[in-house]
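Not measured: the values here are computed from a predicted model.
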Amino acid sequence: DVQLQASGGGLVQAGGSLRLSCAVSGITFDDYAMSWIRQVPGKEREVVSCTSKSDGSTYYADSVKGRFTISSDSNTENEVFLQMNSLKPEDTAVYYCAARGGPLGSFPYSRDSAYAYWGQGTQVTVSS
């Protein structure tokens with residue numbers, strides 16, 4: 001049974017930082033691409049960042065480049081993290097972690113429809 005459990009969201013002032021975590025079970029973690037995808041009510045989902053250990057690649061949406069960093073840990077716990085710095089009010093959204101088998105180069109990773117497994121989401125609210 002595949003489970004993705006996202007946590008770490010909260011309320012922060014603009015310019016602040018948050019670190020999201022996603023605990024993953026039920027898949028061979030190193031064989032999957034892991035992504036963070038956010039959604040604002042009434043807007044389309046945006047793939048924010050992706051990483052895959054199998055080919056060592058990462059992706060960042062232009063909207064978060066230089067501010068967000070994705071990382072993963074498969075040595076102790078299968079987890080993927082999103083360090084979010086210099087947060088802006090427009091970063092306010094529900095953030096989901098998602099997974100799909102294969103390296104980033106094997107599928108359209110910037111499309112939210114490409115992902116097979118999703119966590120439950122964690123709310124990030126950035127106040128101005």
Exercise. If a pair satisfies disulfide (SG to SG under 2.5 Å) and one of its residues is in residues 79-128, list it, with sequence neighbours excluded.
Key: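 Every disulfide (SG to SG under 2.5 Å) pair that includes a residue of residues 79-128, provided the two are not neighbours, is Cys22-Cys97.
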Exercise. Decide side-chain contact (heavy atoms from CB on, under 4.5 Å) for Ile37 and Trp118; before the verdict, give the C-alpha distance in whole Å, the side-chain angles of both, and the deciding distance to 0.1 Å.
Key: CA-CA 9 Å; Ile37 301 170; Trp118 291 72; 3.4 Å; yes
Quiz prompt | Same apolar cluster: Val80 and Leu4, side chain cutoff 4.5 Å | solution =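 Both belong to a single hydrophobic cluster.
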Exercise. Treating Ile, Leu, Val, Met, Phe, Trp and Tyr as nodes and any side-chain heavy-atom pair under 4.5 angstrom as an edge, say whether Val64 and Val12 lie in one connected cluster.
Key: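 In one cluster with Val64: Val12, yes.
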Exercise. May I have the step-by-step check of side-chain contact (heavy atoms from CB on, under 4.5 Å) for Leu20 and Met84, ending in yes or no?
Key: CA-CA 8 Å; Leu20 305 184; Met84 305 186 296; 3.7 Å; yes
Would you say [X] and [Y] make side-chain contact, with heavy atoms under 4.5 Å?
X	Y	result
Leu18	Val124	yes
Val47	Tyr59	yes
Val24	Met34	yes

Which pair of non-hydrogen atoms, one from [X] and one from [Y], has the smallest distance, and what is that distance?
X	Y	result
Pro103	Ser52	CA-OG, 3.7 Å
Thr122	Ala6	CG2-CB, 4.3 Å
Ala99	Ile27	CB-CD1, 4.2 Å
Asn85	Ser17	OD1-OG, 2.9 Å
Val40	Ala93	CG2-CB, 3.8 Å

Self-check item: Under the salt bridge (charged side-chain N to carboxylate O under 4.0 Å, His left out) test, residues paired with Glu46 that sit two or more places apart
Solution: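 Expected list: Arg38.
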Exercise. Only counting residues at least two apart or in another chain, list the ones meeting salt bridge (charged side-chain N to carboxylate O under 4.0 Å, His left out) with Lys65.
Key: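 Checked Lys65 against salt bridge (charged side-chain N to carboxylate O under 4.0 Å, His left out); matches are Asp62.
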Quiz item: Just checking, any donor-acceptor pair under 3.5 angstrom between side chains of Ser72 and Thr51?
Solution: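 Result is no, nothing qualifies.
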Taking only residues two or more places apart in sequence or in another chain, which ones pass side chain to side chain contact (heavy atoms under 4.5 Å, CB included) with [X]?
X	answer
Thr69	Tyr60, Gln83
Ala14	Pro89, Val126
Ser71	Phe81

Self-check item: Contacts of Phe68 that satisfy ring-ring contact (aromatic ring centres under 6.0 Å, His included) - sequence neighbours left out
Solution: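 If we apply the ring-ring contact (aromatic ring centres under 6.0 Å, His included) test to Phe68, skipping adjacent residues, there are no hits.
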Quiz prompt | Partner residues of Tyr115 under the ring-ring contact (aromatic ring centres under 6.0 Å, His included) criterion, sequence neighbours left out | solution =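 ring-ring contact (aromatic ring centres under 6.0 Å, His included) check on Tyr115 returns Phe107.
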Quiz item: Among pairs that include at least one residue of residues 7-38, which meet ring pair (Phe, Tyr, Trp, His ring centres under 6.0 Å), considering only residues two or more places apart or in two chains?
Solution: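 Ring pair (Phe, Tyr, Trp, His ring centres under 6.0 Å) check on residues 7-38 returns no pairs.
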Working to the nearest 0.5 Å, report the span between [atom1] of [X] and [atom2] of [Y].
X	Y	atom1	atom2	answer
Ser49	Tyr95	OG	OH	11.0 Å
Thr58	Leu104	OG1	CG	7.5 Å
Thr125	Asp91	OG1	CG	11.0 Å
Arg67	Ser86	CZ	OG	7.0 Å
Arg100	Ser106	CZ	OG	6.0 Å

Practice problem: Enumerate the residue pairs fulfilling salt bridge (Lys or Arg N to Asp or Glu O under 4.0 Å) with a member in residues 6-21, sequence neighbours excluded, ordered by first and then second residue. | Solution: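 Of all non-adjacent pairs touching residues 6-21, none passes salt bridge (Lys or Arg N to Asp or Glu O under 4.0 Å).
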Quiz item: What pairs meet the salt bridge (Lys or Arg N to Asp or Glu O under 4.0 Å) rule with one or both residues in residues 106-128, with sequence neighbours excluded?
Solution: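 Residue pairs passing salt bridge (Lys or Arg N to Asp or Glu O under 4.0 Å), neighbours aside: Arg45-Asp112.
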Quiz prompt | Check against salt bridge (Lys or Arg N to Asp or Glu O under 4.0 Å), Lys53 and Asp31 | solution = CA-CA 7 Å; Lys53 298 203 75 173; Asp31 293 340; over 6 Å; no
Quiz item: Who else is in Leu11's hydrophobic cluster (ILVMFWY, side-chain heavy atoms under 4.5 Å, direct or via others)?
Solution: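 For Leu11, no cluster forms, as it stays isolated from other hydrophobic side chains.
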